[in-house]
Amino acid sequence: MGATVTGATVEVVEEGPFRFRIPRRGSMRVPGVVFASRALLPEAAGDQALQQVVNVATLPGIVEASYAMPDVHWGYGFPIGGVAATDVADGGVVSPGGVGFDISCGVRLLAAPCERDALLPRLGQLMDALDRRVPRGPGRGGVWQIGRTELEKVLVGGARHAVERGHGVARDLARCEDGGALPGADPGQVGVRAVERGLGQVGSLGSGNHFLEVQAVDTVHDRAAASAMGVRERQVCVMIHCGSRGLGHQICTDHVRTMDRAAARYGIEVPDRQLACVPAGSGEGRAYLGAMAAAANYARANRQLLSEAARDAFEETAGYGLDLVYDISHNLAKIETHHVAGRAVRLCVHRKGATRALPPGHPDLPDGLAAVGQPVLIPGTMGTASYLLAGVEGGGAWHSTCHGAGRVRSRHSAAREVDGRALRAELEARGVAVRGASWRGLAEEAPRAYKDIDAVVRASEGAGLCRRVARLVPLGVVKG
DNA sequence: ATGTGC
C-alpha cells in the first residue's frame with residue numbers, strides 16, 4: 001500500500017483496509033497500529049489521539065504494538081479506544097491512564113420474553129416505572145444503601161455478592177465476565193475518600209454517556225450466534241451502560257498521584273505525566289491492580305443492582321422478567337496469558353474504551369457460548385443504534401474490539417449547539433421515549449457529538465476484530 | 001467519566 005495520510009504531526013501509513021501503521025520513531029518501542037477507515041481516523045482540530053498512540057508506544061515492556069480501535073479519540077494519557085499490553089516479567093508497566101477514570105465502565109444486555117409490538121402499548125408505563133427506580137445524574141444516591149462492611153464485600157465479590165444477597169439469580173453470573181467478580185481485589189488499597197464516595201452510589205447510572213435503554217432487535221446479522229446468546233429479531237432488550245461512579249474516579253486519581261511520584265525510582269520516564277506508570281509487579285503496581293479490581297467489582301455490582309431495578313419495572317408493568325445475555329467491561333487492565341513469538345507470556349493488557357472479544361473455543365467462555373465466541377456489547381449514542389457483536393478467531397490487539405461511537409464534539413460544544421428540550425421532542429417524535437435527568441445532560445449527549453456507530457462497527461468487523469451478531473434500536477432511554 | 005474547575 002504505502003499511501004500516507006498526513007496527520008497533525010504523526011505519520012500514518014495505510015497498510016490495508018481498516019488498518020494503518022504509525023512507524024516506530026524516536027523513543028517508541030513498538031509501532032502504532034490503528035484499526036479504522038480513513039473517515040474514522042481522528043482529525044478533529046486539537047484531537048491528540050494519534051499522538052497518544054505514539055506516546056503509549058514508549059511505555060516500558062510494551063509488546064507488539066500500541067493499538068487503537070476504530071472509535072479512538074483523545075483521552076487522559078492513553079487515547080480512548082486504546083489497547084496496550086506489557087510483559088509483566090520484563091518490567092512491563094501498569095498505568096491507570098490505560099484504564100481510565102471510570103474503572104470497569106461497561107455494558108450489560110438483558111433480553112425480555114416479548115416482541116417490540118407487544119410492548120409498545122405499555123411502553124410509557126414501563127418508562128415511568130424505570131424513571132422512578134433508576135437513580136441517575138451526577139452525585140445522587142443508588143438503589144442499595146449499604147455500610148462499610150457490606151461495601152467491602154461488594155469490592156471483593158462484585159455481582160456475585162449482589163446475587164448472594166438476593167439481587168439476581170445464579171444464572172446471571174455465568175453470563176458475566178469473570179463470573180461477576182474479578183479476582184485479586186484488595187479493598188485495603190481503596191482510600192477513605194473513594195470509600196466515602198462509593199458508599200451511597202451502588203445501583204446508580206451516573207451521567208455523561210451512561211444510560212439504561214429499552215431496545216428492540218432491529219437486524220440479526222448472525223442467526224446462529226444470536227440464538228446461542230438468547231436474542232432474536234424484534235425482541236425487546238434492556239441495555240445498561242454505567243461504571244464505578246465516584247469510587248473508581250477517586251481510585252484513579254489517588255493511584256495516578258502515587259505513581260507520578262514513584263515512577264522515577266523505577267527509572268521510568270514518560271512523554272506525558274498523564275501516562276504515570278510503574279512496573280505491574282512492583283508494590284505500587286500491585287496496589288493499583290488490587291484497587292482497580294475492587295472498583296471493577298463495584299461496577300459489576302452496580303450493573304447487577306440496576307438490572308434488578310429494570311426487572312422489577314418489567315414485572316410491575318408487563319408481568320415478566322429479563323434474562324441476562326452478557327455483561328462486559330470496556331475500561332480495564334487484566335493480567336492475561338497470550339502467545340508472543342510462539343511463547344506463552346503473562347501480559348498486562350490495558351483496554352481503555354476497548355472491549356475484550358474472546359474467540360470461539362476460548363476456555364473462559366461460559367457453557368453454550370463456546371461455539372460462537374464471547375458476546376461484545378457496544379452502546380450507541382442516545383437515540384441511535386447499539387450492537388451485539390462476537391469475538392472472532394485471529395482477532396488482533398489481544399482479542400479486543402471497539403467500545404462505542406466515540407465522541408467527536410466536546411460536551412461544551414454540544415451543549416452550546418443543542419437545546420435539550422428540542423432534542424427530547426425530536427426523539428419522542430421518532431418514537432423514542434426519553435426520561436432524562438437534566439436538559440443540559442441531554443444536550444451534551446446529542447447524537448451529533450459522536451461518530452457514526454454503524455461505521456465504527458463496520459470498520460471493527462472489516463479489521464477482523466469481531467463480527468456483527470445483532471443491531472438494536474432504542475424504544476426508550478433513561479438518561480443520566 | 002467525575003461532589004465536571006490549580
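Chain identifiers are assigned alphabetically (A, B, ...) following the order of the sequence lines, protein sequences preceding nucleic acid strands; residue numbering begins at 1 within each chain.
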Could you give the [atom1]-to-[atom2] distance, from [X] to [N], as a whole number of Å?
X: Arg411(A); N: dT2(B); atom1: CZ; atom2: P; answer: 8 Å
X: Asn331(A); N: dT2(B); atom1: CG; atom2: P; answer: 11 Å
X: Phe101(A); N: dG5(B); atom1: CZ; atom2: P; answer: 10 Å
X: Arg440(A); N: dT2(B); atom1: CZ; atom2: C1'; answer: 14 Å
X: Ile80(A); N: dT2(B); atom1: CD1; atom2: P; answer: 13 Å
X: His210(A); N: dT4(B); atom1: NE2; atom2: P; answer: 16 Å
X: Arg245(A); N: dT4(B); atom1: CZ; atom2: P; answer: 12 Å
X: Leu205(A); N: dT2(B); atom1: CG; atom2: C1'; answer: 15 Å

Describe the nucleic acid contact of [X] in one word from base, sugar-phosphate, nothing, applying a heavy-atom distance below 4.0 Å.
X: Gln201(A); value: sugar-phosphate
X: Arg193(A); value: base
X: Gly208(A); value: sugar-phosphate

Taking [X] for the side chain and [Y] for the main chain, is one N or O donor matched with an acceptor at less than 3.5 Å?
X: Arg430(A); Y: Gly383(A); value: yes
X: Asp272(A); Y: Gln274(A); value: yes
X: Ser438(A); Y: Gly441(A); value: yes

Phosphate OP1/OP2 of dT2(B) contacted by Ser207(A) side-chain N/O (<4.0 Å):
yes
Assess whether a salt bridge exists between Arg193(A) and Asp254(A), defined as any Lys/Arg side-chain N lying under 4.0 Å from an Asp/Glu carboxylate O.
no
